[in-house]
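Since the structure comes first, as structure tokens, the remarks are kept for the end.
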Amino acid sequence: MKKLVAFDLDGTLAESKQPLKDDMAESIADLLTVADVCVISGGDWPQFEKQVASRLPARANLERLWLMPTTGTKLYTYRDGKWGAVYAELFSDEERKTIIDAFNASLEATGFKPEQTWGDLVEDRGSQVTFSALGQQAPVAEKEHWDPDFAKRRIIQADLKTRLPGLAINMGGATSIDITREGVDKAYGLEQLSKHSSFELASFLFIGDAIFPGGNDYPPKEKLGLDCVKVRDPGDTINVIAAIVACQK
Ligand SMILES: [Mg+2]
């Protein structure tokens, strides 16, 4: 019996960095009537607030919602009418500089330095550094064309691994690569959630669009053996949620 359904965000609940659409927000509200829900993604809290927290309808039971920014190195819950951090783990200044230098060296070495970019390429999220190949403000259409089959990022990822031993390097949204402390991935995040929520991992179901080797949704399946459903896009996710709600109520 599943008690908690955990989701990736970008590509699963919403298009890259876009707010949840109305039909998805209603779907999540339905799901919250039959299960606890977690959203775990590389984005930081402000992004979660914009994409998820502020989008849910008034009827949504927010006290059953667990939001895990920066791949679960932070946990936010809704108590007494407001969102608050339960915990947050951060990188040191030295670790941060090493990572950013490695990104720049890796882009030069692989030849994947894009000709045009929109905004900063590197985003410092405290406990995670995220590299967006085309920049943080790149239009969705441009991002979709850049690396739809993850081919470029697999090469950059392999190069980065040689430069950043001891750090976890995973492909994220449409153009991004997430760097965290070794051992920090969605498996780690969901283990933390199990501790803080008192739900056993066996009662979790995990849903994501990147459940394949090298994808940032793969660790919960590979390391924890969680029951997982791989979805193609948010439309696909809505169908999966409808099935879960019908079976659980
Ligand atoms: Mg995704």
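By convention here, the first residue in the shown sequence is residue 1. Please read all numbers here as calculations on a predicted model, not as lab measurements. Start at 1 and go down the list; that is how both ligands and their atoms are numbered.
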- Query: If you measure from the Lys or Arg side-chain nitrogens to the Asp or Glu carboxylate oxygens, is any gap between K3 and D36 under 4.0 Å?
  - Reply: no
- Message: For N/O/S atoms only: which one belongs to D8 and is nearest the Mg ion (ligand 1)?
- Response: OD2
- Task: Going by the side-chain hydrogen bond (donor to acceptor under 3.5 Å, both in side chains) test, name the single residue among N216, T12, T237 that passes it with D209.
- Result: T12
- Looking at the Mg ion (ligand 1), which N/O/S atom of D209 is the nearest one? OD1
- Item | the Mg ion (ligand 1) to D10: nearest N/O/S atom name | O
- Parallel, tilted or perpendicular for F103 and F131, by the 30°/60° rule? parallel
- Message: Between Q128 (side chain only) and R125 (backbone N and O only), is there a donor and an acceptor less than 3.5 Å apart?
- Response: no
